[in-house]
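Single-structure report; data block below.
Naming: A, B, ... by sequence-line order, numbering from 1 per chain. Owing to the predicted nature of the structure, the values given are computational and were not obtained by experimental measurement.
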Amino acid sequence: RLVFPFALRSAASLHSPACAAGIHSSTLKSGLDLDSFVRTSLADAYGKLGHHDLALKVFEETPQWHLASNILLWNVAIAISCRSDLLANAQRLFDEMPERNPASWNSMIDGLMKVGLLESAVELFERMPDKNVVSWTTMLAGFSRNGHNEKALSMFDRMLEAGMRPNNFTVSAALASCAKMGALNAGLRIHDYAKRSGFREDGAIGTSLVDMYSKCGKVELAKQVFVRMSVRDVETWTAMIMGWAVHGCWREALQCFEDMKCSCVRPD
RNA sequence: CUAACCAUGGACAC
């Protein structure tokens with residue numbers, strides 16, 4: 001019961017459908033396939049491996065008594081339906097499920113945002129009872145993906161007003177909105193907020209800052225963030241190389257590419 | 001005490 005969820009998660013991150021299928025059959029043999037954790041992990045693993053059909057089959061073959069108490073399995077089915085463009089199915093599951101937790105709402109909102117049904121997403125968001133940081137970030141990222149970057153940034157302000165604390169996901173999504181608009185002042189404001197609030201300029205936030213400054217025409221500021229970063233991944237290097245390149249600094253761009261190869265990060 | 005679901009960053013060249 002404790003081992004199967006771990007094993008299934010590993011199968012998913014190894015991108016091994018064969019492993020997942022093997023573990024699936026072990027769960028059947030041991031009679032644990034109807035345990036909540038095991039079954040949710042199984043459906044989720046199939047989903048993460050891209051076998052949406054198998055994941056939904058697991059859901060559909062689940063007895064009613066189990067479904068009545070396993071919200072997370074519904075959530076997995078909703079998220080997977082959204083990813084396979086089965087939005088109507090997701091909507092039906094969302095309406096029919098016995099009760100909803102924040103992840104149920106968030107998955108549905110994200111699904112609507114990803115197919116561009118912004119009004120429906122907004123409506124659901126406003127109706128949602130206990131919005132968490134994921135809910136706000138989903139809205140922000142959704143607006144940004146659909147090109148409504150001002151609205152995305154207004155979500156950032158609204159969430160602060162609502163007393164909700166942004167996390168790394170929120171900050172990097174907000175910076176990406178500034179980058180897309182070339183909005184330097186907004187970008188500086190978010191950067192300042194991040195510094196004041198103790199966010200590290202690493203990982204996604206660091207890369208977003210590099211990208212934001214270079215898209216706002218401030219490649220020198222991008223460089224300053226870049227050199228301060230302690231860990232740089234492919235995305236970070238790419239953002240910096242792109243920054244130099246679009247500013248016509250071809251020497252720096254090429255030098256940066258060389259430095260990247262020396263730093264044990266493989267170009268993709 | 002410990003396990004499962006949801007959101008974020010690079011990818012220019014209409």
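If you chain together hydrophobic residues whose side chains sit under 4.5 Å apart, A/Tyr46 and A/Leu8 fall into the same group. Residues A/Phe143 and A/Leu160 are members of one and the same hydrophobic cluster, defined by side-chain heavy-atom contacts under 4.5 angstrom among Ile, Leu, Val, Met, Phe, Trp and Tyr.
The residue A/Arg9 sits close only to the backbone: its heavy atoms come under 4.0 Å of sugar-phosphate atoms, none of a base. Within 4.0 Å of A/Phe37, counting heavy atoms only, lies at least one base atom of the nucleic acid. Within the 4.0 angstrom heavy-atom criterion, no nucleotide atom of any strand lies near A/Asn132.
Per the geometry, CH2 belonging to A/Trp105 stands 14 Å off C1' belonging to B/C6, to the nearest Å. One interatomic measurement links the two molecules: CD1 of A/Ile109 to C1' of B/C6, which rounds to 10 Å at whole-angstrom precision.
The closest side-chain donor-acceptor pair between A/Asp44 and A/Ser41, if any, does not fall under 3.5 angstrom. In the model, A/Asn167 has a side-chain atom that pairs as donor or acceptor with a side-chain atom of A/Thr170 under 3.5 Å.
Distance check: A/Asn89 CG to A/Leu86 CG gives 5.5 Å after rounding to the nearest 0.5 Å. Distance CZ/A/Arg83 to NZ/A/Lys114: 8.0 Å, rounded to 0.5 Å.
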Derivation of the ring-ring contact (aromatic ring centres under 6.0 Å, His included) call for A/Phe257 and A/Trp237: CA-CA 8 Å; A/Phe257 183 55; A/Trp237 286 100; 9.5 Å; no
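Below 30°, between 30° and 60°, or above 60°: for A/Trp74 and A/Phe59 the angle between ring planes is above 60°, a perpendicular geometry.
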What string of B, S and - do you get for nucleotides 7-14 of chain B 5' to 3' if you count protein non-hydrogen atoms under 4.0 Å? BBBBSS--
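If you run ring pair (Phe, Tyr, Trp, His ring centres under 6.0 Å) between A/Trp136 and each of A/Phe156, A/Trp105, A/Phe125, only A/Phe125 comes through.
Taken residue by residue, residues 59-79 of chain A places heavy atoms nearer than 4.0 Å to RNA chain B at A/Leu72, A/Asn75, A/Val76. Residues from residues 147-163 of chain A lying near RNA chain B, meaning a heavy-atom separation below 4.0 Å, are absent. Within residues 123-131 of chain A, no residue has any heavy atom under 4.0 Å from RNA chain B.
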Reading RNA chain B 5' to 3', what string of ( ), [ ], | and . shows its pairs, if Watson-Crick and G-U wobble pairs count only when both distances fall under 3.5 Å? ..............
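One N or O on the side chain of A/Arg39 and one on the backbone of A/Asp33 form a donor-acceptor pair closer than 3.5 Å.
Salt-bridge annotation for A/Glu258 and A/Lys261: present, with a side-chain N of the basic residue lying under 4.0 Å from a carboxylate O of the acidic one. The pair A/Lys57-A/Asp53 fails the salt-bridge criterion, with no side-chain N (NZ, NE, NH1 or NH2) lying under 4.0 Å from an Asp/Glu carboxylate O.
Crowding of A/Arg196 atom CZ: a count of heavy atoms from other residues, nucleotides or ligands under 6.0 Å exceeding 12.
Under the side-chain contact (heavy atoms from CB on, under 4.5 Å) criterion, A/Asn132 pairs with A/Pro102, A/Asn106, A/Val134, A/Ser135, not counting sequence neighbours.
Taking the side chain as every heavy atom from C-beta outward, A/Met128 and A/Leu124 never approach each other to under 4.5 Å. Inter-residue side-chain proximity for A/Leu42 and A/Ile23 is flagged as unmet; no heavy-atom pair is nearer than 4.5 Å.
Residue A/Ser107 has its side chain nearest to B/C6 when only B/C5, B/A4, B/C6 are considered.
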